Engineer: 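Got a structure here, written out as structure tokens. Questions coming.
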Amino acid sequence: MPGFDRRELVAVFVGGALGTLARAGLETLAPADPGRWPWPTFTVNIVGAFLLGYFTTRLLERLPVSAYRRPLLGTGLCGGLTTFSTMQLETLRMLEHGHFVLAAGYLAVSIAAGLVAVYVATALVRRARLR
């Protein structure tokens, strides 16, 4: 396969393994309950959104181009840490148990907080450059 770099694949794998281990560890400490706010998933998704905003902005605007940093940190670490599919499954469980307001709030707050986290991280990286 032309242009295929095994080291890039290893970077994604290593970052993904680290992110997934962090998420799994947090979710083990506090298992989800369909009648309560799923703090572990919410936390990893917002932290992951912040880190993705930070890494992406810093790697694209502040550091020399690297073939391995973005796959390791963005695709791997942040991809393994965050979990859109678990958020959807938890929302479905909330709906199945009749917690409609909780489900709607969880979706709305997750999306809004994720966008704010990316914005804040990006602004912090760009602000640091101005100093």
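Because the structure is a prediction, the values reported are computed rather than measured. When reading the values below, keep in mind they use all heavy atoms of this one structure, side chains included, and skip hydrogens, waters and symmetry mates.
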Engineer: So which atom in H99 and which in P34 form the shortest heavy-atom distance, rounded to 0.1 Å?
Structural biologist: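 Heavy-atom minimum between the residues: CD2-O, 3.3 Å.
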
Engineer: Hey, does L124 have a side-chain heavy atom less than 4.5 Å from the side chain of F50?
Structural biologist: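 Answer yes - side chains close enough.
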
Engineer: When hydrophobic residues are tied together by side-chain contacts of less than 4.5 Å, even through go-betweens, does L18 share a cluster with V44?
Structural biologist: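 Looking at the clustering, V44 is in the same group as L18.
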
Engineer: What's the separation between atom CD in E96 and atom CG in L92, rounded to the nearest 0.5 Å?
Structural biologist: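 Interatomic distance, E96 CD to L92 CG, rounded to 0.5 Å: 4.0 Å.
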
Engineer: Can you name the closest pair of heavy atoms from Y54 and A121 and give their distance?
Structural biologist: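 Closest approach of Y54 to A121: N-CB, 3.4 Å.
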
Engineer: Could you check whether any side-chain heavy atom of E61 comes within less than 4.5 Å of a side-chain heavy atom of V125, counting everything from C-beta outward?
Structural biologist: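 No; the side chains remain at least 4.5 Å from each other.
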
Engineer: Indicate if V47 and L26 have the same hydrophobic cluster label, given that clusters are the connected sets of ILVMFWY residues with side-chain heavy-atom separations under 4.5 angstrom.
Structural biologist: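 Looking at the clustering, L26 is in the same group as V47.
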
Engineer: If you count the non-hydrogen atoms of other residues, nucleotides and ligands that lie under 6.0 Å from CZ in R23, is the total more than 12?
Structural biologist: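 Yes.
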
Engineer: Shortest non-hydrogen contact from N45 to M87?
Structural biologist: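 Of all heavy-atom pairs spanning N45 and M87, the closest is ND2-CB, 4.0 Å.
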
Engineer: Tell me whether F84 shares a hydrophobic cluster with V109, the cluster being built from Ile, Leu, Val, Met, Phe, Trp, Tyr side chains joined at under 4.5 Å.
Structural biologist: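 Yes; tracing contacts between hydrophobic side chains, which count when under 4.5 Å, links both residues.
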
Engineer: Is there a side-chain contact between L72 and R69 (heavy atoms, below 4.5 Å)?
Structural biologist: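 Side-chain contact under 4.5 Å: no.
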
Engineer: Working to the nearest 0.5 angstrom, can you tell me the gap between F13 CZ and T75 OG1?
Structural biologist: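 OG1 of T75 is found 15.0 Å from CZ of F13.
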
Engineer: So, taking the atom named CG in L102 and the one named CZ in R36, what distance separates them when rounded to the nearest 0.5 Å?
Structural biologist: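 Reported to 0.5 Å precision, the distance equals 11.0 Å.
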
Engineer: Which heavy atom of A49 sits nearest to which heavy atom of G114, and what is that distance?
Structural biologist: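 Minimum heavy-atom separation between A49 and G114: CB-O, 3.6 Å.
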
Engineer: Would you say V116 and L52 are hydrophobically clustered, going by side-chain heavy atoms of ILVMFWY under 4.5 Å?
Structural biologist: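 Unlinked, V116 and L52 end up in two clusters.
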
Engineer: Treat each ILVMFWY residue as a node, draw an edge where side-chain heavy atoms are under 4.5 Å apart, and state whether L73 and V10 are in one component.
Structural biologist: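 Linked, L73 and V10 end up in one cluster.
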
Engineer: Rounded to the nearest 0.5 Å, what's the gap from CZ on R127 to OG1 on T122? Could you check?
Structural biologist: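 OG1 of T122 is found 14.5 Å from CZ of R127.
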
Engineer: From L21 CG over to T28 OG1, what is the distance, rounded to the nearest 0.5 angstrom?
Structural biologist: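 Nearest 0.5 Å value for the CG-OG1 distance: 10.0 Å.
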
Engineer: Using the side chain to side chain donor-acceptor pair (under 3.5 Å) criterion, which residues pair with T56? Sequence neighbours excluded.
Structural biologist: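 If we apply the side chain to side chain donor-acceptor pair (under 3.5 Å) test to T56, skipping adjacent residues, there are no hits.
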
Engineer: Could you report the tightest heavy-atom contact between S110 and I46, atom names first, then the distance?
Structural biologist: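 So the minimum-distance heavy-atom pair works out to O-CD1, 3.7 Å.
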
Engineer: Looking at CZ of F55 and CG of L60, how far apart are the two atoms once the value is rounded to the nearest 0.5 Å?
Structural biologist: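 So the CZ of F55 and the CG of L60 are separated by 13.0 Å.
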
Engineer: Using a 4.5 Å cut-off on heavy atoms from C-beta on, say whether the side chain of Q88 contacts that of L107.
Structural biologist: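 Of all side-chain heavy-atom pairs linking Q88 with L107, at least one is under 4.5 Å.
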
Engineer: If I compare all heavy atoms of P38 with all of Y106, which pair ends up nearest, and what's the gap?
Structural biologist: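 Taking every non-hydrogen atom into account, CG-CZ, 3.2 Å.
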
